[in-house]
Protein chains: 2
Amino acid sequence: MENDSTAKSLKLFIVLSRAFKAINEHVNKVIQANGLNPTEFAVLELLYHKGDQPLQQIGAKILLASGSITYVVDKLEQKGLLKRIACPTDRRVIYASITDEGKNMIQDIFPEHANQIDKLMSSLNESEKDTAIDLLKKLGLPAGKF
Amino acid sequence: MENDSTAKSLKLFIVLSRAFKAINEHVNKVIQANGLNPTEFAVLELLYHKGDQPLQQIGAKILLASGSITYVVDKLEQKGLLKRIACPTDRRVIYASITDEGKNMIQDIFPEHANQIDKLMSSLNESEKDTAIDLLKKLGLPAGKF
DNA sequence: GAAAATTATCTCGATTTCAAAATTATTATA
DNA sequence: TATAATAATTTTGAAATCGAGATAATTTTC
């Protein structure tokens with residue numbers, strides 16, 4: 001069987017997966033209760049906090065295949081929450097831009113979303129959260145060689 | 001805007017999500033390279049390490065809706081990697097049981113899988129892993145009240 | 001012991017996602 | 001400036017997942 005280091009890494013992977021899935025499940029419920037799916041929320045939230053983005057950038061930032069971007073952006077555009085804007089200097093590029101209606105939606109949802117997450121994290125005190133943040137940052141890196 | 005505690009919780013949620021997704025992405029590639037999808041692997045691995053399970057237990061343990069369980073178990077049964085076994089004492093219950101072929105499959109994949117995870121976790125030393133495990137365990141709980 | 005409530009599985013339809021190919025535009029090269 | 005290579009988006013078809021309802025079996029309650 002595997003050695004101690006491997007066993008510990010496996011254990012860490014399991015608790016990491018559990019923690020993420022457990023929290024994510026509840027977070028998604030809040031989002032869905034507001035009429036969006038998690039991917040739609042992620043796109044809107046990105047545009048709201050980071051400004052207009054080329055479709056391709058959206059895919060890169062929230063880990064979505066190109067075909068899926070078109071689908072989600074179509075959905076959000078149909079709902080009037082974002083609009084497509086052609087790039088004036090490169091006709092291959094299309095920006096997604098959040099509408100006022102989209103901004104209102106995020107402003108409605110975000111406080112509840114943040115509050116929910118804070119509650120789900122309340123089993124850790126502030127200093128434990130700091131420690132967890134530092135450790136998890138190291139795990140989220142581009143990934144070493146292998 | 002939100003207060004300091006909320007901001008820190010949001011930050012923790014972001015690094016948790018990034019870490020999980022980054023690692024999971026690589027783990028899934030190993031699994032898919034071996035002809036299974038992540039859900040199929042999770043089911044097989046559960047049966048391999050924990051023994052036969054009623055279908056419902058599978059759903060509870062790997063967070064899968066009832067309709068999805070039937071689908072995945074069908075797929076694995078078609079591939080000959082598990083079989084359904086009727087429960088002798090309760091005719092509503094059906095056990096999923098891994099076949100010899102399924103065991104071989106897990107024995108082939110698991111060492112590479114474990115090794116891959118160990119490499120992906122190598123940015124933390126052993127004591128940091130222990131700390132991370134303790135903290136993440138607290139986050140993965142059934143979830144408090146809200 | 002019959003009726004009601006619960007539990008387990010499956011069916012069906014809709015949604016979401018991906019992968020591969022197609023289209024259109026731009027940039028590099030010869 | 002053609003031609004080839006690269007890049008961004010869309011289209012298409014298939015796979016995976018979910019949710020609601022259907023079916024069948026068991027347990028609880030009266």
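Lettering follows sequence order; numbering is per chain, from 1.
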Problem set entry | First of A/Val93 and A/Asp74 reached from the 5' end of DNA chain D, by closest nucleotide |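 Nearer the 5' end of the strand: A/Val93.
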Donor-acceptor contact below 3.5 Å, side chain [X] vs main chain [Y]:
X: B/Thr6; Y: A/Ala114; value: no
X: B/Glu128; Y: B/Asn125; value: yes
X: A/Glu77; Y: A/Arg84; value: yes
X: B/Gln57; Y: B/Pro54; value: no

For [X] and [N], is the shortest distance between a side-chain N/O and OP1 or OP2 below 4.0 Å?
X: A/Ser68; N: C/dC18; value: yes
X: A/Thr70; N: D/dT10; value: yes
X: B/Tyr71; N: D/dT17; value: no
X: B/Asn37; N: D/dA15; value: no
X: B/Lys75; N: D/dA15; value: no

Exercise. Side-chain donor or acceptor of A/Ser66 under 3.5 Å from a matching atom on the base of C/dC18?
Worked result: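 No such pair is found, so the answer is no.
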Length of the line joining [X]:[atom1] and [N]:[atom2], which is rounded to integer Å:
X: B/Asp90; N: C/dT6; atom1: CG; atom2: C1'; result: 12 Å
X: B/Tyr95; N: C/dA8; atom1: OH; atom2: C1'; result: 12 Å
X: B/Leu64; N: C/dC10; atom1: CG; atom2: P; result: 13 Å
X: B/Ile58; N: C/dT7; atom1: CD1; atom2: C1'; result: 17 Å
X: A/Gln56; N: C/dT26; atom1: CD; atom2: P; result: 15 Å
X: A/Arg91; N: C/dT23; atom1: CZ; atom2: C1'; result: 13 Å
X: B/Gln32; N: C/dT17; atom1: CD; atom2: P; result: 16 Å
X: A/Glu40; N: C/dT15; atom1: CD; atom2: P; result: 11 Å

Problem set entry | Whichever of A/Thr89 and A/Val72 has its nearest DNA chain C nucleotide further upstream toward 5' |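 Taking each residue's closest nucleotide, the earlier one in sequence belongs to A/Val72.
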For this session: Apply the salt bridge (Lys or Arg N to Asp or Glu O under 4.0 Å) test between B/Lys8 and each candidate in A/Asp134, A/Asp118, A/Asp130; give the one that qualifies.
Result: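 Option passing the salt bridge (Lys or Arg N to Asp or Glu O under 4.0 Å) with B/Lys8: A/Asp130.
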Exercise. Considering only side-chain heavy atoms of A/Leu55, which listed nucleotide, D/dT17, D/dT10, C/dT9, is closest?
Worked result: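 The answer is D/dT10.
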Problem set entry | Sugar-phosphate only, base, or nothing, as touched by A/Ile69 at under 4.0 Å among non-hydrogen atoms |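 Answer is nothing: A/Ile69 stays at 4.0 Å or more from every strand.
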